[in-house]
Amino acid sequence: MREILFKGKAGAKWVYGDLRHINDGGVAIRKDGEIYPYEVIPETVGQYTGLTDKNGKKIFEGDIVYCKSRLDNANMVVIFECGQFRMVLSENYRSYQTNSGFYDINCFDKEVIGNIYDNPELLEGE
């Protein structure tokens, strides 16, 4: 069974844990073992995909992943669409024109190199 985990940005730091909805409409993440949740920026919330990169780092929605195969390499963005996680080419991630379902990702050597919130420069054409 896949671990259910979320991340979100609370100020300048990333918080990992359970997703909570606050009465005033905000979003928070409660870290394991802590009583009070951290209120996070709703747009930055991303769910864990259940996969890790070549270094063992967990891959979340919104991450930028460098993917390398025998034939090609590219920076790709992790999105959730139509009930599944997908990898899309970084320069097209807002239009979802070119994508690879997560079932195809195992053919790539993959490494998380950033995310769309902290590292937008990685989204520029290669």
Side-chain angles (χ1 to χ4, degrees):
M1 180 181 207
R2 179 173 61 87
E3 178 182 11
I4 305 299
L5 182 67
F6 291 87
K7 78 173 183 177
K9 200 162 186 182
K13 74 175 187 173
W14 287 95
V15 181
Y16 300 81
D18 294 324
L19 186 65
R20 302 279 195 241
H21 292 276
I22 303 172
N23 291 338
D24 66 1
V27 179
I29 292 182
R30 188 181 68 80
K31 293 168 70 171
D32 259 356
E34 294 191 11
I35 296 172
Y36 299 106
Y38 293 83
E39 189 162 356
V40 296
I41 303 164
E43 296 80 27
T44 66
V45 172
Q47 187 174 3
Y48 173 47
T49 64
L51 298 175
T52 57
D53 71 2
K54 69 180 186 176
N55 301 313
K57 185 172 182 177
K58 292 179 178 179
I59 301 174
F60 286 83
E61 179 182 5
D63 281 346
I64 301 171
V65 180
Y66 175 73
C67 295
K68 183 177 180 182
S69 71
R70 290 185 335 217
L71 304 174
D72 202 2
N73 59 355
N75 288 349
M76 301 186 88
V77 176
V78 178
I79 64 167
F80 187 80
E81 177 186 61
C82 299
Q84 68 175 326
F85 290 103
R86 296 177 186 242
M87 302 284 290
V88 294
L89 291 173
S90 61
E91 57 269 16
N92 296 327
Y93 91 96
R94 287 190 175 90
S95 63
Y96 312 133
Q97 292 174 356
T98 305
N99 65 61
S100 178
F102 254 47
Y103 294 110
D104 302 329
I105 195 171
N106 289 325
C107 66
F108 294 109
D109 179 22
K110 52 199 175 297
E111 181 177 15
V112 176
I113 58 172
N115 62 68
I116 60 175
Y117 311 103
D118 294 334
N119 313 102
E121 71 278 3
L122 297 174
L123 300 176
E124 297 169 4
E126 300 165 323

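Any value given below was found using the heavy atoms of this structure, including those in side chains, with hydrogens, waters and symmetry copies removed.
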Item to check | For Leu5 against Tyr16, the heavy-atom pair lying closest together | outcome: CD1-C, 4.2 Å

Item to check | Partner residues of Tyr117 under the ring pair (Phe, Tyr, Trp, His ring centres under 6.0 Å) criterion, sequence neighbours left out | outcome: none

Checklist entry - More than 12 heavy atoms of other residues, nucleotides or ligands under 6.0 Å from CG of Asp32: is that the case? => result no

Checklist entry - From Glu111 CD over to Lys54 NZ, what is the distance, rounded to the nearest 0.5 angstrom? => result 4.5 Å

Checklist outcome for this item: Between the CG atom in Asn75 and the CG atom in Leu123, the distance rounded to the nearest 0.5 Å is 8.0 Å

Next on the checklist: Is the ring pair Tyr48/Phe60 parallel, tilted or perpendicular, if the boundaries are 30 and 60 degrees?
Outcome noted: tilted

Checklist outcome for this item: Rounded to the nearest 0.5 angstrom, the CG-CH2 distance for Asn115 and Trp14 is 4.5 Å

Item to check | From NZ (Lys110) to CG (Asp63), nearest 0.5 Å | outcome: 13.0 Å

Checklist outcome for this item: Between the NZ atom in Lys9 and the CD1 atom in Ile41, the distance rounded to the nearest 0.5 Å is 6.5 Å

Next on the checklist: Please report the interatomic distance CD1(Ile29) to CG(Asp18), rounded to the nearest 0.5 Å.
Outcome noted: 9.0 Å

Checklist entry - Shortest non-hydrogen contact from Met76 to Cys67? => result SD-SG, 3.9 Å

Checklist entry - Taking a hydrophobic cluster as the set of Ile, Leu, Val, Met, Phe, Trp and Tyr residues connected by side-chain heavy atoms closer than 4.5 Å, whether directly or through intermediates, do Ile79 and Ile113 fall within one such cluster? => result yes

Next on the checklist: Applying salt bridge (charged side-chain N to carboxylate O under 4.0 Å, His left out), can you list everything that pairs with Arg20, at least two apart in sequence or on another chain?
Outcome noted: none

Item to check | Least distance between heavy atoms, Ile35 atom then Arg30 atom | outcome: O-CD, 3.8 Å

Item to check | Smallest separation among heavy atoms of Ile64 and Asn119, with atom names | outcome: CD1-O, 3.7 Å

Next on the checklist: How close do Val112 and Lys58 get, counting heavy atoms only, and between which atoms?
Outcome noted: CG2-O, 4.2 Å

Checklist entry - Quick one: do Ile4 and Val45 end up in the same hydrophobic cluster if we chain Ile, Leu, Val, Met, Phe, Trp and Tyr together by side-chain heavy atoms under 4.5 Å apart? => result yes

Next on the checklist: Applying a strict under-4.5 Å side-chain criterion to I, L, V, M, F, W and Y, I'd like to know whether Phe85 and Phe6 cluster together.
Outcome noted: no

Checklist entry - Which pair of heavy atoms, one from Met87 and one from Val65, lies closest together, and at what distance? => result CE-CB, 3.7 Å

Checklist entry - Above 12 or not: heavy atoms from other molecules or residues under 6.0 Å from CG of Asn23? => result no

